[in-house]
Amino acid sequence: MRRSAQILAKRTLAHTRSSARVPPSKPPAFLPYTTTATAMGASDGQETNGSSLNGSDSKRSLSCVPWSSSITIDNINPKVLECEYAVRGEIVTHAERLQHKLLHNPASVPFDELIYCNIGNPQSLGQQPITFFREVAALCDYPGLLDKDETHGIFSSDSIARAESIISGIPGRATGAYSHSKGVKALRVTIAEGIQQRDSYPADPDDIFLTDGASPGVHMMMQLTLRNRKDGIMCPIPQYPLYSASIALHDGTLVPYYLDESKGWGLDMSELKSRLEAATASGINVRALVVINPGNPTGQVLSQENQQNIVQFCKDEGLILLADEVYQENIYVDNKKFTSFKKVARSMGYTEKDICLVSFHSISKGYYGECGRRGGYMEVTGFDSDVKDQIYKVASVNLCSNLSGQIMMSLIMNPPKVGDESYELYTSERDAILSSLGRRAKMLAEALNKLEGVTCNEAEGAMYLFPRIELPEGAIKSAKAAGMVPDTFYCRRLLDATGIVVVPGSGFGQVPGTWHFRITILPPEEKMPTIISKLTTFHERFLQEFQA
């Protein structure tokens, strides 16, 4: 995590590039040694006892060259070394070690379970899947069920009809075969219709690329856009580390713009302009702007006025707008609602000829949380046809995204409607999940704000809270002595004491001198009081220890 913070700082324009990575110390070289043919493997004409077949008892002395791997930490791609992903970083690695202890020696740890609040993985924390989605998925995976009479007594009529429609739209009715590299055309048509219904503006199936979650789409756009380190991508700080990692892997430069914590993680347009000007003055060619709405890790929902300002900024500056909209279903406040950037741009009168816009969506979040199925899409608008051909070529290298994820994405964009047999159950399951998430977000934010030295903005959307913690000087000194970033030190101590796994704010980026952590709101609602109690007790004891 310390290197993560250093690397993020290194690759932003606010800091100068640091010196090259110091290679780890090498173990002593192996000394040459003598062995028999047996040790090396007997060759033709030799006996396995080391004597030759002609009766000689002389032994063959061999000087062996020390073995060394052809690839080491010192000669791998340096971009891989610079890439960091804190959501599954060192805190989670330590949690895995504790999990092993808990399994094999429960008395060695002071808790009876690990609570993984480090990642937006809803079903791993008990969120139940939506019945309709799973019924259709099951029937598509085993279409032979569609021909059985008993299926109608187990599955709803609309799930059977939907599965039949989906299977009929897949060439050869083969869900185990490769699809078109953009995804099954019939599924892209369904998704385009869902986008059009959401936005009230047309969507073209040929603009849609189905992906294994939103992340591969982000990587494809970084690969398309970044030519060298003189090319930059503007990203919010704090940011989801997929972006900093992807920019590092593709050898570009992250150009940060800071969200304003004092204003509910708001986006100030003067901040965007000043950061762009500084980047340009430093010789960086800024090519795109990333916006995460609702925010991750910060949980804010942008106002439409703010979105309009962002669209205008990208239009005026000739920037590609990369809109991460995977949390669009996760809104918990009455005075905010999700509006896609495409809808905002079209409502301002801008067409594909005016602005390049890429929207990302995923089946991993929302009220469905089908993370492991790896489904998503990106809608690519405003690009020349020859550029789209190049995106298609890159997609083709991976052959296609998985069919299970493609199918699930089409279901999410076209759920049951009024009059369908599944509609009542679907809406009750959806509303129950979202309502509970809203209550959990409020409960946890209120508890965090009661802790000494902790302030936390409410989660208007997404699945996380990002509280700021004022750490005592003693804790900062102890963290330094332990070779840790202070917020990593806090999160490590929290994990060791309670089994609660959170992510240090330094893994997302933060204003220098401030410390945060990200915690999900995903644990079951009935467990929240226990989690809050454990967190409160730990925090009080932590302050007592380091304020002394």
Side-chain angles (χ1 to χ4, degrees), residues 192 194-204 207 214 218 221 225 232-240 243 255-280 286-296 298-361 378-383 457-462:
I195 294 171
Q196 182 168 328
Q197 184 175 15
R198 181 195 68 191
D199 293 343
S200 301
Y201 289 96
D204 186 344
D207 290 341
V218 171
M221 293 313 302
T225 307
I233 305 288
M234 298 188 75
C235 293
I237 299 295
Q239 52 97 34
Y240 177 47
Y243 293 97
V255 179
Y257 64 89
Y258 285 87
L259 303 176
D260 190 340
E261 186 171 10
S262 67
K263 296 179 181 178
W265 299 111
L267 172 53
D268 190 330
M269 295 307 298
S270 62
E271 169 74 3
L272 281 183
K273 294 174 183 177
S274 65
R275 294 290 174 174
L276 177 61
E277 290 171 359
T280 302
V286 179
R287 309 206 70 194
L289 170 72
V290 172
V291 181
I292 307 173
N293 182 48
N296 176 11
T298 46
Q300 85 283 9
V301 179
L302 295 176
S303 68
Q304 287 193 42
E305 180 182 2
N306 209 178
Q307 290 182 268
Q308 289 170 351
N309 291 334
I310 292 167
V311 169
Q312 190 63 52
F313 176 78
C314 291
K315 168 69 171 61
D316 293 343
E317 303 296 341
L319 301 179
I320 303 167
L321 177 51
L322 302 176
D324 183 331
E325 300 177 332
V326 303
Y327 295 98
Q328 59 189 259
E329 301 283 357
N330 298 99
I331 309 290
Y332 310 122
V333 290
D334 294 334
N335 63 334
K336 294 285 185 74
K337 67 176 183 177
F338 171 79
T339 306
S340 75
F341 269 98
K342 181 184 174 186
K343 181 174 183 177
V344 170
R346 298 296 180 263
S347 68
M348 293 172 68
Y350 293 135
T351 68
E352 290 198 25
K353 296 181 180 179
D354 299 306
I355 185 171
C356 293
L357 172 62
V358 184
S359 304
F360 304 98
H361 196 15
M378 63 177 183
E379 184 185 18
V380 180
T381 60
F383 292 76
N457 286 310
E458 70 173 330
E460 297 175 335

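Computed from a predicted model, the values in this text were never measured in an experiment. Residue numbers run from 1 in the order of the sequence given.
Here the side chains of Tyr327 and Val301 are not in contact, with every heavy-atom distance at 4.5 Å or above.
Looking only at distances, no side-chain donor or acceptor of Glu458 sits under 3.5 Å from a matching main-chain atom of Gly299. Without hydrogens or angle criteria, Gln328 side chain to Ser340 main chain gives no donor-acceptor distance under 3.5 Å. At least one donor-acceptor pair under 3.5 Å links the side chain of Tyr332 to the backbone N or O of Ala462. A donor-acceptor pair under 3.5 Å is absent between the side-chain atoms of Asp268 and the main chain of Leu259, judged by distance alone. Not one N or O on the side chain of Asn293 forms a donor-acceptor pair closer than 3.5 Å with the backbone of Gly295.
Applying the side-chain hydrogen bond (donor to acceptor under 3.5 Å, both in side chains) test between Tyr350 and each of Gln312, Lys315, Lys342 identifies Gln312 as the sole match.
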Between Ile292 and Val326, does a side chain to side chain contact (heavy atoms under 4.5 Å, CB included) hold up when you go through it step by step?
CA-CA 8 Å; Ile292 307 173; Val326 303; over 6 Å; no
Please lay out, stage by stage, how Asp354 and Thr351 fare under the test side-chain hydrogen bond (donor to acceptor under 3.5 Å, both in side chains).
CA-CA 5 Å; Asp354 299 306; Thr351 68; 3.3 Å; yes
Just do the side chain to side chain contact (heavy atoms under 4.5 Å, CB included) check on Lys336 and Gln300 with the steps written out, would you?
CA-CA 10 Å; Lys336 294 285 185 74; Gln300 85 283 9; 6.0 Å; no
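Side-chain contact, Asn309 with Glu305: no donor N or O sits under 3.5 Å from an acceptor N or O.
The minimum heavy-atom distance linking Leu319 with Ala288 is given by the pair CD2-N, 4.2 Å. Taking each heavy atom of Leu276 and Met234 in turn, the nearest pair found is N-CE, 4.0 Å. Across Val255 and Gly232, no two heavy atoms sit closer than the pair CG2-CA, 4.2 Å.
For Gln196, the CD atom sits in a packed shell: over 12 heavy atoms of surrounding residues, nucleotides or ligands are nearer than 6.0 Å.
Using a 4.0 Å cut-off between a side-chain N of Lys or Arg and a carboxylate O of Asp or Glu, Glu271 and Arg275 qualify as a salt bridge.
If you take OH on Tyr240 and CG on Asp324, they are separated by 8.5 Å, rounding to the nearest 0.5 Å. Note that CG of Asp207 and OG1 of Thr381 are 6.5 Å apart. Values are rounded to the nearest 0.5 Å.
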